[in-house]
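One structure below.
Index from 1, following the sequence. For ligands, and for the atoms within them, numbers begin at 1 and follow the listed sequence.
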Amino acid sequence: MVDQTYDYDVLVIGAGPGGYVAAIRAAQLGLKTACAESRETLGGTCLNVGCIPSKAMLHASEFFDAAANGTMAQMGVEVTPTLNLEAMHAQRRDAVKQLTGGIEFLFKKNKVDWKKGRATFVDAHTVTVGEETVTAKNVVIATGSSVTPLPGIEVDNEAQVIVDSTGALELEKVPGRMVVIGGGVIGLELGSVWRRLGAEVVVVEYLDQLLPGMDGDVRKEAAKIFKKQGMALRLSTKVTGVEVRDGKAQVSVEPAVGGEAETIEADCVLVSIGRRPNTEGLGLDKIGLEVNKRGQIETDHEFRTAVDGVWAIGDVIPGPMLAHKAEDEGIACAENIAGQTGIVNHAIIPGVVYTWPEFAGVGLTQEEALEQAGGDKAKIKVGKFPMLANSRAKTNHEPDGFVKVIADADSDRVLGVWAIASVAGTMIAQAAQAMEFGATSEDIAYTCHAHPTHSEAIKEAAMAVQGKPIHV
Ligand code: FAD
Ligand code: NAI
């Protein structure tokens with residue numbers, strides 16, 4: 001298959017969930033494939049410092065919290081937990097080691113060559129990786145993203161006072177007070193970890209609600225839930241500076257619209273105001289490829305960039321910065337390179353915040369659905385069902401949350417599904433699949449769901465679209 005002019009059919013730059021999946025699929029399709037990765041281990045942000053280690057800490061801290069906050073006692077299990085933070089970190093590191101090692105195994109199994117080092121374009125088909133020069137007929141840019149810095153605030157993960165998400169995963173002791181800058185996904189997930197382990201957590205968010213991009217009702221409920229759990233929320237507030245004095249951070253904040261400034265003292269500050277695409281040092285100028293205003297590489301639906309033979313996927317291109325989006329793009333891109341038809345339906349990409357409870361959604365928010373309907377409320381129908389009325393959630397002492405199904409009033413087609421529930425991240429898969437098959441709310445309402453499960457709340461919310469839920 002390999003075109004003798006080049007060393008490889010495909011060279012993927014970056015071995016995150018976008019890149020490693022693209023490389024494996026390309027190899028499966030008979031293409032001679034290499035993947036350049038500058039990290040010591042494969043798996044990118046997701047496996048090394050993102051999805052996996054954060055979930056390891058969330059899962060472990062959930063047990064500690066359940067023991068400490070009385071949830072277990074409610075069920076007749078009386079324990080006083082003792083935190084062994086080093087052991088908690090060790091199980092996190094072990095999960096990362098096993099999973100990143102697993103990708104190395106998959107590369108060997110599929111005969112993907114790992115080129116260790118930083119990749120830089122020489123021309124569209126020639127890339128240097130460290131000392132080596134590699135040529136390929138197709139080059140896939142899957143370089144991912146890194147933390148957006150806050151001007152004037154210097155992250156120092158070693159010192160553990162001002163940290164980013166990578167530093168916040170590694171704290172050696174539970175901070176007395178932690179200020180989280182940014183009430184988005186990272187701030188709430190990692191803020192939850194340290195709150196559960198005993199930190200006083202203050203979330204400073206520039207906007208008037210948490211979790212931008214999620215449904216309005218979900219965002220409002222999130223604020224209530226996190227407040228109830230003991231997080232202090234400073235919404236519509238901006239951080240203007242952070243100074244470190246005697247090992248403590250002095251965080252200057254003021255109202256987003258301007259006004260009186262104040263200082264919050266903290267043992268640790270987490271900067272989590274978003275991520276930006278990695279294109280620096282890639283030599284895009286050598287191939288004449290420009291980035292857009294947000295620093296992203298634009299592609300067409302097949303993941304081709306403006307430069308022939310150069311493709312791009314994952315966090316470095318527009319769209320939500322999510323591992324599963326990157327993976328699906330990796331598969332589709334490799335299939336397109338192989339001459340097949342690789343498609344990603346960007347309208348149906350679920351998003352999940354893995355806090356307690358979990359917040360999940362797929363498709364349009366109610367606000368977006370209404371906007372799409374030209375502001376005509378009669379054109380959409382919404383069904384909502386509280387988790388309090390779901391027998392399984394109630395039995396499990398998980399009263400918070402709801403499911404909301406948004407449908408088109410004429411066709412009854414499901415436009416969006418939102419869920420707050422202990423297992424919302426798992427529940428949302430059925431909504432994504434139903435929407436992928438063009439389901440109506442009636443299709444979901446008349447699908448038999450096992451009892452007692454949290455998922456019955458999706459069925460009930462779908463029944464509520466017709467105004468006929470059974471259990472409320
Ligand atoms: P990345 O995973 O960023 O991988 C890119 C790789 O390219 C990196 O390993 C980098 O070293 C390498 N690279 C970059 N430039 C070069 C170069 N020039 N030469 C060689 N190698 C290079 N998403 C979810 O869906 N679910 C979650 O639960 C979740 N949790 C997260 C938690 C945290 C704390 C963070 C930070 C992110 C989380 N994400 C989560 C987001 C997810 O990690 C990213 O969306 C995903 O990793 C993007 O995949 P990618 O392949 O595009 O890039
Ligand atoms: P984010 O975009 O989710 O949240 C950043 C928040 O910071 C926003 O609410 C924003 O309004 C706020 N903000 C921006 N500037 C600010 C300022 N100066 N002061 C106060 N607030 C400010 O970004 P986050 O949390 O850093 O995550 C980055 C990306 O990583 C996300 O896009 C997400 O897709 C991905 N991720 C996904 C996870 C998941 O799927 N569970 C988990 C963690 C990260």
Side-chain angles (χ1 to χ4, degrees), residues 12-22 35-55 57-58 100 115-121 127-130 140-148 150-151 153 164-166 168-169 179-191 203-214 219 234-240 253 256 270-283 312-317 319-327 329-330 349-355 358-360 425:
V12 182
I13 305 179
Y20 84 70
V21 167
C35 182
E37 171 57 60
S38 53
R39 255 180 231 273
E40 290 302 307
T41 45
L42 300 172
T45 304
C46 173
L47 269 64
N48 288 282
V49 292
C51 324
I52 296 304
S54 61
K55 265 79 258 179
M57 292 304 278
L58 279 158
T100 55
K115 303 284 175 190
K116 297 186 187 180
R118 280 202 79 74
T120 308
F121 279 102
V127 172
T128 57
V129 187
V140 180
I141 304 173
T143 49
S145 65
S146 22
V147 177
T148 304
L150 193 50
I153 296 174
D164 58 21
S165 55
T166 302
L169 287 166
V179 168
V180 172
I181 310 179
V185 196
I186 291 182
L188 293 170
E189 287 191 356
L190 295 180
V203 178
V204 182
E205 166 58 50
Y206 188 80
L207 301 174
D208 62 354
Q209 288 290 351
L210 303 170
L211 295 173
M214 291 210 134
R219 297 176 71 188
R234 303 292 301 267
L235 303 177
S236 306
T237 303
K238 63 181 173 195
V239 171
T240 53
V253 298
L270 165 60
V271 181
S272 49
I273 59 159
R275 293 176 63 82
R276 60 179 186 184
N278 288 332
T279 53
E280 228 179 83
L282 199 53
I313 54 170
D315 279 10
V316 80
I317 73 169
M321 290 181 163
L322 296 171
H324 41 282
K325 177 234 181 212
E327 287 187 48
E329 289 177 348
I349 293 183
V352 182
V353 186
Y354 296 87
T355 48
E358 293 176 346
F359 297 74

- prompt: Backbone or side chain, does any N or O of Glu189 fall under 3.5 Å from an N or O of ligand 2?
  reply: yes
The closest protein heavy-atom partner of atom 38 (C) of ligand 2 is Val185 CG1, 3.3 Å
The atoms of ligand 2 lying under 4.0 Å from a heavy atom of Leu150, numbered in the order shown, are 18 (N)
query = Are Asn48 and Thr41 linked by a side-chain donor-acceptor pair shorter than 3.5 Å?
reply = yes
Using a plain distance cutoff, I'd like to know if Val239 has any nitrogen or oxygen under 3.5 Å from a nitrogen or oxygen of ligand 2. no
Numbered in order shown, the ligand 2 atoms found under 4.0 Å of a heavy atom of Leu207 are 11 (O)
Check your understanding: So is there a nitrogen or oxygen of Gly274 less than 3.5 Å from a nitrogen or oxygen in ligand 2?
Key -> yes
Counting from 1 in the order shown, the ligand 1 atoms closer than 4.0 Å to a non-hydrogen atom of Ser54 are 32 (C)
Taking only non-hydrogen atoms of Tyr354 and a 4.0 Å limit, the atoms of ligand 2 in range are 41 (N)
Atom 4 (O) of ligand 2: of Gly213, Gly184, Ser236, the nearest heavy atom sits on Gly184
If we number the atoms of ligand 1 from 1 as shown, the ones under 4.0 Å from a heavy atom of Tyr354 are 28 (O)
min-distance protein heavy atom vs atom 33 (C) of ligand 2 -> Met321 O, 3.7 Å
Between Val49 and Arg39 the two heavy atoms that sit nearest each other are CG2-NH1, 4.2 Å
Measuring from the heavy atoms of Lys325, does anything fall under 4.0 Å of ligand 1?
no
Among Ala323, Pro320, Ala119, closest by heavy atom to atom 25 (O) of ligand 1 is Ala323
Are any of the heavy atoms in Gly117 under 4.0 Å away from ligand 1? yes
Per-atom filter on ligand 2: closer than 4.0 angstrom to a heavy atom of Val352 are 39 (C), 40 (O), 41 (N)
among protein heavy atoms, the one nearest atom 29 (C) of ligand 2 is Arg275 CD, 3.7 Å
Atom 30 (N) of ligand 1: of Cys51, Pro350, Pro53, Gly425, the nearest heavy atom sits on Cys51
among protein heavy atoms, the one nearest atom 7 (O) of ligand 2 is Gly182 CA, 3.2 Å
Q.
Polar contacts were defined as any N/O atom of the residue lying under 3.5 Å from an N/O atom of the ligand; does this apply to Thr45 and ligand 1?
A. yes
Ligand 2 to Pro212, heavy atom cutoff 4.0 Å, flagged ligand atoms 8 (C), 9 (O)
Evaluate Glu205 for polar contact with ligand 2, using N/O atom pairs at a separation under 3.5 Å. yes
The closest protein heavy-atom partner of atom 17 (C) of ligand 2 is Ile273 CG2, 4.0 Å
| Given the protein's heavy atoms, is any one of them under 4.0 Å from atom 31 (C) of ligand 2? | no
- What about Leu322: any of its N or O atoms under 3.5 Å from an N or O on ligand 2? no
> Is there a heavy atom of Glu327 sitting under 4.0 angstrom from any atom of ligand 1?
Replying inline: no
The atoms of ligand 2 lying under 4.0 Å from a heavy atom of Val204, numbered in the order shown, are 20 (C), 21 (N)
Compute the minimum heavy-atom distance from Leu47 to ligand 1 and say whether it is under 4.0 Å. no
Nearest non-hydrogen protein atom to atom 21 (N) of ligand 2, with distance, is Tyr206 N, 3.2 Å
Note: ligand 2 atoms sitting under 4.0 Å from heavy atoms of Ile181 are 19 (N), 20 (C)
Review point. Looking at ligand 2, does any of its N/O atoms fall within less than 3.5 Å of an N/O of Ile186?
Key: yes
